[in-house]
Amino acid sequence: MTLHIYNTLTRKKEEFKPINPDCVGMYVCGPTVYDFAHIGNARPVIVFDVLYRLLKTLYKDVTYVRNITDVDDKINAKSKETGEDIRTITERTAKAFHEDMAALNAGNPDIEPRATEHIAEMIDMIETLIANGNAYAADGHVLFHVPSMPEYGALSGRNMDDMIAGARVEVASYKKDPADFVLWKPSEEDVPGWESPWGRGRPGWHIECSAMSRKYLGNTFDIHGGGHDLIFPHHENEIAQSCCANKTERFANYWMHNGHLMVEGEKMSKSLGNFFTVHELLEEVPGEALRFYMLSAQYRSPFDFTKDGVREAKSTLDRFYTALRQHNDVVASDVAAPQPFIAALEDDLNTPLAISQLHELLGNFNKDPNPQTKGQLLAAAQLLGILQQDVEVWLKGGSQENSGVDESSIERMIEERKQAKANKDFAAADRIRDELDGLGIVLEDSAQGTTWKRK
RNA sequence: GGCGCGGUGGUAGAGUGGUUAUGCAGCGGAUUGCAAAUCCGUGAACAGCGGUUCGAAUCCGCUCCGCGCCUCCA
């Protein structure tokens, strides 16, 4: 089995053939930094982190680029609303984003370019587009002229007539064609702006990805990813800009899009009160549980995020960690993840199937705790980015840091219970166990003694 | 209106034209002072209607239902 990827461009699962087998390039659309990342923002981060881990085992070198959008009208609006300086907002939000994603065990990309640091590259690209006859300046704006690109619409599978028919937005007077989109727009005094051949202004939404991906990955690269909703218009417009500016037929060879999140069966929205930021969820659930939960469905499917689901993911991880603790004395061999597990991931990141392999490994390990199986289990888990932390920290930290008992009192009560058991005073022993249970502490007796964990 | 995706057992969620997904929950058993953890066993599904086929939950068509996108939302 080799890596196969569902390509939005062709609507088929295809064998992945990198342009250069020694160095795979991947670009994923990153956050606009104006507010905490919500749980839906976490899905692509986790999914492409798993892909990155997998690619690194398959290829010598992988370059993963994920941008930070720090110039955007939503940021401007936020600043106007709170009075906070724009730079302060973007710096603080980017930092929070990194912390939250780290808690989800998602590593940083190799390169994380910021839009504001690549204005010159964007202006350069826009000038090329004008020179090539694909863009025009009007009213302080620069617009991409969609009819100048006959192939426009290939990614999203739509044609111009459909779009005009379905258009529900007023068409600005300076547009030559209703489908034309903004590359550059003028900035009023109180809005961030940069000097340009078209006056003081700021870039449109799509141009940063075209400019920055070209700078770091070249005119054509392997994989471009992002949320399903970005297919149109964002990615469609990126393709138009890049192919016309670079005079190439292909921008990215493989387009991957993750499905959206629902919350408790409903669309996540602030008004419904089911809007969760990663930041607030991390206060009640370990990031690893959120990550594992997200991976329980294939990345292209819509995902219904529920609190019950998170709890189940957490207790499943408990099972794995409990087994690892029980056989703490077994030293894991340095082996690769088993082939069926790899094959599942290579099949368009079939993480649910991969997880079922993980369960099989767990069963084998419980039956026969040997170094080989433990090594395989940990190697497989590493690719998913789970089961890498200290077993005691996981089991004793749990999700209830606030349950109010400290470790020394727990140890003391376990000692008391041990005495009671030695005296065959089972009523007293059970009373202690019940008391601890009420505090969220579960005891596990074994021949080696008693261990505990938080629920 | 246009384009696209999906409907699998109590639940979450894979999958293949004919043979057990897997987890959770349930039921029975082993183990345990009793539990917990673990192990063994077990029931249960492929939205509906047609078609192709020796055979379809898996391919095709239609119907019903749900969802997404259609200019700045991952």
Side-chain angles (χ1 to χ4, degrees), chain A residues 8 11 28-32 37-48 69 72-74 146 153 156-159 161-172 175 178-182 185 203-206 225-234 236-237 257-262 265-269 293 296-298 300-304 306 308-309 311-313 315-316 318-319 322-323 325-327 344 347 350-360 362-363 365-369 421 424-427 429-430 433-434 437 441-447 450-453:
Chain A
T8 307
R11 293 166 207 285
V28 176
C29 289
T32 300
H38 63 251
I39 186 66
N41 293 313
R43 174 123 100 147
V45 173
I46 293 167
V47 164
F48 291 106
T69 300
D72 183 279
D73 286 353
K74 284 195 294 293
V146 170
S156 54
R158 50 190 90 208
N159 61 59
D161 298 339
D162 292 343
M163 288 187 305
I164 293 161
R168 59 184 184 195
V169 170
E170 222 174 295
V171 178
K175 286 190 181 183
D180 292 354
F181 58 90
V182 169
K185 55 187 164 186
W205 176 33
H206 318 293
H228 187 76
D229 57 324
L230 295 181
I231 296 172
F232 188 89
H234 185 52
E236 197 71 75
N237 291 353
H257 295 97
N258 62 275
H260 263 208
L261 233 71
M262 312 260 290
E266 288 180 306
K267 185 168 179 164
M268 178 166 64
S269 75
Y293 180 38
S296 69
Q298 211 270 349
R300 282 188 283 121
S301 320
F303 189 94
D304 189 14
T306 66
D308 278 349
R311 269 189 290 276
E312 189 182 322
S315 57
T316 303
D318 284 343
R319 258 189 92 211
T322 300
R325 169 158 78 178
Q326 213 142 41
H327 306 294
D347 186 10
N350 192 338
T351 51
L353 189 60
I355 288 170
S356 79
Q357 299 288 341
L358 212 60
H359 278 112
E360 190 172 322
L362 175 66
F365 182 60
N366 276 324
K367 276 173 271 187
D368 176 19
K421 286 207 317 179
K424 304 268 184 221
D425 184 358
F426 294 120
D430 290 351
R433 188 171 60 199
D434 288 346
D437 188 72
I441 307 298
V442 182
L443 300 187
E444 287 166 13
D445 293 339
S446 78
T450 300
T451 55
W452 62 273
K453 64 184 177 194

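Computation of the quantities below employed the complete heavy-atom set of this structure, encompassing side-chain atoms and omitting hydrogens, waters and symmetry-equivalent molecules. Since this is a predicted model, take the numbers as computed values, not measurements. The chains referred to below are lettered A, B, ... by the order of the sequence lines, with proteins before strands, and numbering in each begins at 1.
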Heavy atoms under 4.0 Å, any strand shown: does [X] hit a base, just sugar-phosphate, or nothing?
{"X": "A/Leu230", "answer": "sugar-phosphate"}
{"X": "A/Gln357", "answer": "nothing"}
{"X": "A/His206", "answer": "nothing"}
{"X": "A/Gly40", "answer": "base"}

Would you indicate which nucleotide in [options] comes nearest to any side-chain atom of [X]?
{"X": "A/Asn350", "options": "B/U71, B/A37, B/G15", "value": "B/G15"}
{"X": "A/Thr322", "options": "B/A14, B/A37, B/C39", "value": "B/A37"}
{"X": "A/Glu444", "options": "B/C70, B/C39, B/A36", "value": "B/A36"}
{"X": "A/Ser356", "options": "B/A74, B/A21, B/A14", "value": "B/A21"}
{"X": "A/Trp205", "options": "B/C69, B/C72, B/A21", "value": "B/C72"}
{"X": "A/Lys74", "options": "B/A21, B/A74, B/C73", "value": "B/C73"}

Could you give the [atom1]-to-[atom2] distance, from [X] to [N], as a whole number of Å?
{"X": "A/Glu360", "N": "B/G15", "atom1": "CD", "atom2": "P", "answer": "17 Å"}
{"X": "A/Leu358", "N": "B/A21", "atom1": "CG", "atom2": "C1'", "answer": "15 Å"}
{"X": "A/Phe181", "N": "B/C72", "atom1": "CZ", "atom2": "P", "answer": "14 Å"}
{"X": "A/Lys175", "N": "B/U71", "atom1": "NZ", "atom2": "C1'", "answer": "6 Å"}
{"X": "A/Ile231", "N": "B/C73", "atom1": "CD1", "atom2": "P", "answer": "16 Å"}
{"X": "A/Arg300", "N": "B/C5", "atom1": "CZ", "atom2": "C1'", "answer": "10 Å"}
{"X": "A/Asp347", "N": "B/U16", "atom1": "CG", "atom2": "C1'", "answer": "12 Å"}
{"X": "A/Phe232", "N": "B/C3", "atom1": "CZ", "atom2": "P", "answer": "15 Å"}

Spacing of the [atom1] atoms in [M] and [N] (rounded, Å):
{"N": "B/G17", "M": "B/A57", "atom1": "P", "value": "14 Å"}
{"N": "B/G18", "M": "B/U58", "atom1": "P", "value": "12 Å"}
{"N": "B/A14", "M": "B/C39", "atom1": "C1'", "value": "25 Å"}
{"N": "B/G9", "M": "B/C49", "atom1": "P", "value": "16 Å"}
{"N": "B/A36", "M": "B/G29", "atom1": "P", "value": "14 Å"}
{"N": "B/C69", "M": "B/G61", "atom1": "C1'", "value": "26 Å"}
{"N": "B/G48", "M": "B/G41", "atom1": "C1'", "value": "36 Å"}
{"N": "B/U8", "M": "B/A12", "atom1": "P", "value": "8 Å"}

Tell me which nucleotide, if any, is Watson-Crick or G-U wobble paired with [N] when both distances must be under 3.5 Å.
{"N": "B/C3", "answer": "B/G68"}
{"N": "B/G55", "answer": "none"}
{"N": "B/C24", "answer": "B/G10"}
{"N": "B/C39", "answer": "B/G29"}
{"N": "B/A47", "answer": "B/U63"}

So, for [X] and [Y], which heavy atoms are closest and what is the spacing to 0.1 Å?
{"X": "A/Ser296", "Y": "A/Pro352", "answer": "O-CG, 3.5 Å"}
{"X": "A/Asp318", "Y": "A/Thr322", "answer": "O-OG1, 2.6 Å"}
{"X": "A/Asp304", "Y": "A/Gly265", "answer": "OD1-N, 2.7 Å"}
{"X": "A/Ala297", "Y": "A/Phe303", "answer": "CB-CD1, 3.5 Å"}
{"X": "A/Lys421", "Y": "A/Ala429", "answer": "CG-CB, 3.6 Å"}
{"X": "A/Tyr293", "Y": "A/Thr306", "answer": "OH-N, 3.0 Å"}

Does a nitrogen or oxygen in the side chain of [X] sit under 4.0 Å from OP1 or OP2 of [N]?
{"X": "A/Asn237", "N": "B/C72", "answer": "no"}
{"X": "A/Lys185", "N": "B/U71", "answer": "no"}
{"X": "A/Asn258", "N": "B/A74", "answer": "no"}

Residue whose closest nucleotide on RNA chain B lies nearer the 5' end, A/Lys267 versus A/Gly204: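 Per heavy-atom nearest nucleotide, the more 5' residue is A/Lys267.
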Per nearest nucleotide of RNA chain B, the residue lying toward the 5' end, A/Gly30 or A/Ser446, is A/Ser446
Going 5' to 3' along nucleotides 24-33 of chain B, which nucleotides have protein heavy atoms under 4.0 Å from the base (write B), which only from the sugar-phosphate (write S), and which from neither (write -)? S--------B
Going by the side-chain contact (heavy atoms from CB on, under 4.5 Å) test, name the single residue among A/Ile231, A/Asn237, A/Asp229 that passes it with A/Pro233.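 Going through A/Ile231, A/Asn237, A/Asp229 one by one, the side-chain contact (heavy atoms from CB on, under 4.5 Å) with A/Pro233 is satisfied by A/Asn237 alone.
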Reported NE2-to-CG distance for the pair A/His228 and A/Leu261, which is rounded to 0.5 angstrom: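 Between A/His228 NE2 and A/Leu261 CG, I get 13.5 Å after rounding to 0.5 Å.
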Taking atom CG of A/Asn258 and atom CD of A/Gln298, what is their separation to the nearest 0.5 Å? 10.5 Å
Near-parallel close stack of A/His260 and B/A74 base (under 5.5 Å, under 30°): yes
Do A/His234 and A/His206 meet the criterion of a side-chain donor-acceptor pair at a distance under 3.5 Å?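 Side-chain D/A pair, A/His234 to A/His206: present.
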